[in-house]
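These notes concern the structure reproduced below.
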Amino acid sequence: MVILLHKGRYRGMNMQRMLFMLFLCIYEGFTSAGVDNAGHIGGLLTGTAVTFLLYGIPFIYEQHEKQEKS
């Protein structure tokens, strides 16, 4: 979510790295016994929602305020 709000790049992270990590987590779920992909997907969705609430909404509001002042 943070990377999306910052147009694909934020503090040394980029969209390619995040997609690679997502792929690794899902791959581990398919190849390892006792690892459930539902937990990985649930964590991804929950993390995305919480990040949007705590970071995304204030970031969007701040950007909107900057545009109004300009």
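Quick caveat: nothing in here was measured; it's all calculated off a predicted structure.
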Ignoring hydrogens and angles, write down the donor-acceptor pairs under 3.5 Å from the side chains of residues 46-58, residues two or more places apart or on other chains.
unit_1	atom_1	unit_2	atom_2	d
Thr46	OG1	Gly42	O	2.8
Thr48	OG1	Leu44	O	2.7
Thr51	OG1	Gly47	O	2.7
Tyr55	OH	His6	NE2	2.6

Quiz item: Hey, is the main chain of Arg17 close enough, under 3.5 Å, to the side chain of Asn14 for a donor-acceptor pair?
Solution: yes
Practice problem: Not counting sequence neighbours, which residues clear salt bridge (Lys or Arg N to Asp or Glu O under 4.0 Å) with Glu62? List them please. | Solution: Lys66
Quiz item: CD of Gln63: more than 12 outside heavy atoms within 6.0 angstrom?
Solution: yes
Can you give the donor-acceptor pairs under 3.5 Å from side chains of residues 21-33 to other protein atoms, not counting sequence neighbours?
unit_1	atom_1	unit_2	atom_2	d
Thr31	OG1	Tyr27	O	3.0
Ser32	OG	Glu28	O	3.3

